[in-house]
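Below is one structure, written out as structure tokens; comments come after it.
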Amino acid sequence: MSAERDFRKGLREELLRNGINPYPHVLSLGYVPIKDIVGNPRSGDVVATAGRVAGLRRHGKLVFADLIDDGYRIQISVNSGNVGNERFEWFMRYVNLGDFINVRGELFYTQKGELTINVREYQLIVKALKSPPVKWGHKILDPEVRYRKRYLDLMMTPQVRRIFEIRFNTIAEIRRFMWGKGFIEVETPILQPVYGGAAAKPFITKIQALNEDWYLRISLELYLKRFLVGGFNKVFEIGKNFRNEDIDVQHNPEFTMMEAYQAYADYEDVMRLTEELISTVAEKVIGTTKVSYPLDGSQVEIDLRPPYKRVRMIDGLKEFAGVDVEVLSDEDLKNLLRTHSLSLPGGYDRGRAIAKLFDRLVGAQHLIQPTFVIDFPASSSPLAKPHRLNPEYAERFELYVAGMELANAFTELNDPILQETYFRQEEERRKLGDAEAHPYDWDFIDALEYGMPPAGGLGLGIDRLVMILTGQTSIKEVIPFPMMTRSVTQ
RNA sequence: GGGCCCGUAGCUCAGCCAGGUAGAGCGGCGGGCUUUUAACCCGUAGGUCCCGGGUUCAAAUCCCGGCGGGCCCGCCA
């Protein structure tokens, strides 16, 4: 079917027959990264490097080619006068687009003024059986190919490579920031006998050795809190969470979170930590706190510099949606839910109704600049400590940026009896049909009974933060290998 | 869960409305060319028209069903 692949396979076999290894173990001519060569080029210097052949422009007994190495490009020229006619013809026969070669020669500038390696010696180091999928300098346009074969997307499109450089720099800078604040990075189980820490449907898996059904974690929360019980004061973890829910522009079933817990802190402290973290990381990774983000067809400037606006949930509902829940009866709220075709699985509850209305009427539309939404209804926040001034509310905040929920945080609930009560209420709701109600975690209650210090905790969605920093509106653009239906081809 | 759009050569796409021998550019291969860089010139090969069924003398084209992808809505605090 692919004549080209057959052709190249033939070349590979020909090379092997002639005693030439198309996949040698070492670079016999030496190697300096192209990045270092183009960073400080001196005409006349003899350099050796290697890379993927990204363009071949032949002019009779002379050929120009582009070499790409770790995201950097340099031009080489091979001509029969310098390498000899035999080696020139060998190059033209056996070196194809996409192959890797090792070259040595001196630097010079062409008539057009381009830095170029005048090749004296070369070695084929990888025979590629398939050529690059598109012409060099062009993007792959088919999103399915881009996501399924991300290596091609990375290979062909510098802007895509840049997004992932930002992603992984972001993770590194978060880590650096947290270590700088005295947090210890810990690890907790991904496979758990009871999942918890968020409202979500889990993935179930079978543990053969125990002959039991376990779960993939939906959050990091409950195990990090066990570290606090165990005597660690400041811990954080960066890792994947798994939620068995929809795949869309803001959700991937496996996604990356950073969660942090700090003893003797409350949600006010965590807000300050969060805004400092995000602005510091933005400054380090993209050099600014001002980002441009596409919303409704136009670019909006978002400034991540603190301090961030703070809005109590019920004030936000009043301000942005004209809904004053303090004067509304339960009947009024039920009517509002109906009006907006919202349902509450597990039955009506005033607090969760308020949270739901806020999400629908305020969150996505109105909270573009970084905003802490604070003081959620207690019943919508079963892992948060009740508000010190009014126990109907919880000391909880969510950070919204560009209408997206980026972070979720509490003054952590550490009263084991109240936590147990909340778990029982969640269990009741589960029985009434709320598949996302928190399951009862007996061992976590047991841990709290030994005493967990008062603490503030934070969960930060890394993928969404990277979306903001890179101006991407689909989470698939910031996850290297997003989840797709299993492909049936090949 | 609902809606809209897309699927033709390795890639980007035309052809479909109005059924009649499957096309172009780029890429590949062969030839030419010693300063190009989306090189250029000449030649040439390359197809499960996403899959299955139906209508028809005849289907890439029309109809039905499916698969895959994108976007929007719902749901996911």
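Within 6.0 Å of the CD atom in A/Glu86, the count of heavy atoms belonging to other residues, nucleotides or ligands does not exceed 12.
Comparing the P positions of B/C49 and B/G2 gives a spacing of 31 Å, expressed to the nearest Å. Separation of the P atoms belonging to B/C51 and B/C11 is 15 Å when rounded to the nearest angstrom. Rounded to a whole angstrom, the distance from the C1' atom of B/C26 to that of B/U44 is 16 Å.
Between the side chain of A/Lys127 and the backbone N or O of A/Tyr94 there is at least one donor-acceptor pair closer than 3.5 Å.
Applying the 3.5 Å distance criterion, the base of B/U35 shares no donor-acceptor pair with the side chain of A/Ser77. Between the base of B/G28 and the side chain of A/Asp6 there is no donor-acceptor pair shorter than 3.5 Å.
The side chain of A/Lys135 contributes no N or O atom lying less than 4.0 Å from OP1 or OP2 of B/G25. Dashed line: the shortest gap from a side-chain N or O of A/Arg360 to OP1 or OP2 of B/C75 is under 4.0 Å. Contact annotation: A/Asn96 side-chain N/O to B/C29 OP1/OP2 distance is under 4.0 Å. At the phosphate of B/U35, neither OP1 nor OP2 sits under 4.0 Å from any side-chain N or O atom of A/Thr116. An OP1 or OP2 oxygen of B/A39 is reached within less than 4.0 angstrom by a side-chain nitrogen or oxygen of A/Arg57. One finds a side-chain N or O of A/Arg148 lying less than 4.0 angstrom from the OP1 or OP2 phosphate oxygen of B/G69.
By the side-chain hydrogen bond (donor to acceptor under 3.5 Å, both in side chains) test, A/Glu392 is found to be paired with no residue, residues two or more places apart in sequence or in another chain being considered. Legend: residues meeting side-chain contact (heavy atoms from CB on, under 4.5 Å) with A/Arg87, ordered by chain and number and at least two apart, are A/Val83, A/Trp90, A/Tyr122. With sequence neighbours excluded, no residue forms a side-chain hydrogen bond (donor to acceptor under 3.5 Å, both in side chains) with A/Asp415. Qualifying side-chain contact (heavy atoms from CB on, under 4.5 Å) partners for A/Glu254, counting only residues two or more places apart in sequence or in other chains: A/Lys240, A/Phe242, A/Asn252.
Within 4.0 Å of A/Val249, counting heavy atoms only, lie sugar-phosphate atoms of the nucleic acid but no base atom. Contact annotation for A/Gly81: base contact, defined as any heavy-atom pair under 4.0 Å involving a base atom. A/Glu245 comes within contact range of the sugar-phosphate backbone alone, with a heavy-atom separation under 4.0 Å but no base atom that close. As judged by a 4.0 angstrom heavy-atom cut-off over every strand, A/Ile140 is placed among residues making no nucleic acid contact.
Where A/Lys139 and A/Ser131 meet RNA chain B, the nucleotide closest to each residue was compared, and A/Lys139 sits on the side nearer the 5' end. Along RNA chain B, the nucleotide nearest A/Val134 and the nucleotide nearest A/Gln75 are compared for position; the residue whose nucleotide lies closer to the 5' end is A/Val134.
Checking B/C76, B/U35, B/G68 against the side-chain heavy atoms of A/Glu144 singles out B/G68 as nearest.
Per the geometry, CE belonging to A/Met92 stands 10 Å off P belonging to B/G31, to the nearest Å.
With a 3.5 Å ceiling on both atom-pair distances, the Watson-Crick or G-U wobble partner of B/G68 is B/C6. Pair assignment for B/U21: none, as no Watson-Crick or G-U wobble contacts are both less than 3.5 Å. Across all strands shown, B/C62 forms a Watson-Crick or G-U wobble pair, both distances under 3.5 Å, with B/G54.
Applying the side chain to side chain donor-acceptor pair (under 3.5 Å) test to residues at least two apart or on different chains, the pairs with a partner in residues 45-54 of chain A are A/Arg42-A/Asp45.
Within residues 324-338 of chain A, no residue has any heavy atom closer than 4.0 Å to RNA chain B.
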